[in-house]
Protein chains: 2
Amino acid sequence: MSYSKLTHIAEKAASKSAQQLRKSDRTRKAILDGALELLWSRPFRDLTVAELMEVTGICRSAFYRYFDDLYALMETLLLSLEEDIFDVAAPWFSREGNPVDTLRESLSGLVRVCYEQGPILRAVSDASTIDDRLENVWSSFLTQFDDAVTANIEAQQAEGFIQEFSARPVAVALNRMDAYLFVHAFGRHPRQNPELVLESVTRLWVSTLYQSSPITTKNND
Amino acid sequence: MSYSKLTHIAEKAASKSAQQLRKSDRTRKAILDGALELLWSRPFRDLTVAELMEVTGICRSAFYRYFDDLYALMETLLLSLEEDIFDVAAPWFSREGNPVDTLRESLSGLVRVCYEQGPILRAVSDASTIDDRLENVWSSFLTQFDDAVTANIEAQQAEGFIQEFSARPVAVALNRMDAYLFVHAFGRHPRQNPELVLESVTRLWVSTLYQSSPITTKNND
DNA sequence: ACATATAGTGACGTCGTGTCATTTTTTCAA
DNA sequence: TTGAAAAAATGACACGACGTCACTATATGT
C-alpha cells in the first residue's frame, strides 16, 4: 500500500504545482488579481468589496477571510510595489560609481516602474488618505526613502560631491516631488510621456544636488 | 405710520449689520466655521455631516440646504484658499524686479499661507481623491499654477534669465513638489518648521531655474 | 401683524460595511 | 476510496452614514 500512498502523494504534489498551492492561496491571489484589474482602469474610490468579489466570482463576505478590509488589501499591493522600487533605486544608494550617473540610473528605473504600475501607485496613494493604518504604511514607506536619500546626500557631502546644506529637508522635498509627480503623471490613463517626466525629474535632482553638472536634454544612454 | 415704518427699517438695517445678513447666510457661515474648527485637529476622513451639524447646533439634514455634500463644502474652502495663494504668489508672476528675489518673495508668502492654513490644505487634498467633482476642482487649481509657472519660465527663458529647456514638465514637477510638501509638512499638528521648509523649497526652485545664483543657507532678509 | 417665504426637523430608504451561524468543499490519512 | 476534521464559501443580519421628503417652525417684509 505504500505504492498507492506514494502515487497519491505524487498526484497531490503534481496537482498542487499545476493549480498553485492550496485553495486559499489561489483565492487570495484571485482577489488580488481582481483588484489589480479593476484598479487599472478605475480610481480607488469606485472600488467596493461587492464589485471586487463579483469579478473574483466568490461570495462578497468571503473577502473578509483574506483581508481585514480594502485598505489591508492595498497594503499588500503597496508592499509588492515597494520591493520593485527599492530594487530599482539601488544604484545611487550603492555609492559605487559616478554619483550623477548612478542617480540618473536610479531615477530612470524609478520612472519606469512607476510608469508600469502607475494606476496601482495612485490607488495606494489615494487610499492612504482615507485609512489610518494604510496612511501609516504609506508614510513610513516615504520616510524610509527620506532616510536613505538624506544619508546618501550627507555621505556625498562629506566626500565633496555635494555642497553643504541641511540634507533632510531637501531630501524630503525631492521625494515628495517624485512621489506625487509620478502619481499625477502615471496614475491615470492616458499616462504622460515617461521620457519627459524622467527628463524634468532628473533636471531637478541633478541641478539641486550637483549644481556644476551639465544637463543633457535628451537621454542618450 | 411712516415714522414707525422708517424706524422699523432702520432697526432691521442695524440688526442686519450687527448680525451679518440673513439667517441663511449666518447658518452657512456657521457650518463653514464648524468645518474649519473640526478640520483643524482631525483628518477629513473623520468628518461626518452628523458631527459637523452637531457642532453647528442645527439638525443634520439642514446641512443639505447649504451644500450638496461634504465635498462641495470643501470646494468652498479651497476657493477661499486659492485667493490667498494667488495673491501671495503674485510677485514672481508680475515679472517686475529681479527674478530670483521675487521668486524668493513668492515662495516665502506661499510657505506662510500654507503653514497658516495647513490642515485645511490637507483636508482639501485628501478629500479630492475621494470625490470626482472635487478632484477636478483641485486638479484645475494645480493646472492653473502649472500654466502660470510654465509661462513665466518661458518668458524668462526668452529674456535669458533661465536657460533653455522644456518648461512645462519642470513647472509641473516644481508645483507638485510644493503642493505635497506643504500638505505633508503643514497638514497635521505638530506642523514642521516653516523656515526649514522654505529654505529647501527655495533651494530647489533657485538651483533648478537660476543655476548660477548663489544660495544662502540662512534667510537674512 | 400677518401672509408668505424660507429655514429647520425627524423619519425614511439606500448603500456599503463587517460579522456570524450555517452549509459546502477541501484536505489528509486510514 | 472513503469519511472525519479542517477550511472555505454562503446568506442573512445589524450598523452607520448618506441624502431626500413631507412637515413644522421661524424669519421676513409689507
Selection from C:dT19, C:dC12, C:dG8 that lies nearest to any side-chain heavy atom of A:Arg60: C:dT19

Gap between atoms CZ and C1', on A:Arg28 and D:dA9 respectively (whole Å): 17 Å

Of the listed nucleotides D:dA9, C:dG8, D:dT28, the one nearest the side chain of B:Arg22: D:dT28

Sidechain N-carboxylate O distance under 4.0 Å for A:Asp33, A:Lys29: yes

More than 12 heavy atoms from other groups under 6.0 Å of CD on B:Glu54: no

B:Glu51/B:Arg42 salt bridge by N-O under 4.0 Å criterion: yes

Side chain of B:Asp69 (C-beta onward), nearest among D:dG19, C:dA7, D:dC18: D:dG19

Among C:dG10, D:dT10, C:dA7, the nucleotide that comes nearest once only the side chain of B:Cys59 is considered: C:dG10

Any A:Ser24 side-chain N or O less than 4.0 Å from OP1/OP2 of D:dA7: no

Over-ring placement of B:Arg191 relative to B:Tyr115, 6.0 Å and 45° cut-offs: yes

Aromatic plane relationship, B:Phe141 with B:Phe145 - under 30° parallel, 30 to 60° tilted, over 60° perpendicular: perpendicular

Electrostatic pair A:Arg176-B:Asp178, nearest N-O below 4.0 angstrom: no

Presence of salt bridge, A:Glu135 and B:Arg188, under 4.0 angstrom: yes

Comparing A:Arg65 and A:Leu47 on DNA chain C - which has the more 5′ nearest nucleotide: A:Leu47

Neighbours of DNA chain C within residues 36-45 of chain B, by heavy-atom distance under 4.0 Å: none

d(CZ, B:Arg133; P, D:dG19) in whole Å: 14 Å

Candidates D:dT28, D:dC18, C:dT27 - which lies nearest the side chain of B:Tyr64: D:dC18

Euclidean distance, atom CZ of residue A:Phe63 to atom C1' of C:dG18 [Å, nearest integer]: 11 Å

Earlier contact from the 5' end, DNA chain D, for A:Ala62 and B:Leu70: A:Ala62

Spacing of A:Tyr71 atom OH relative to C:dT17 atom P, expressed in whole Å: 8 Å

Sugar-phosphate only, base, or nothing, as touched by B:Ser61 at under 4.0 Å among non-hydrogen atoms: base

Touch class at under 4.0 angstrom, heavy-atom based, for A:Phe67 against every strand present: nothing

A:Tyr66 OH - C:dT19 P separation (whole Å): 16 Å

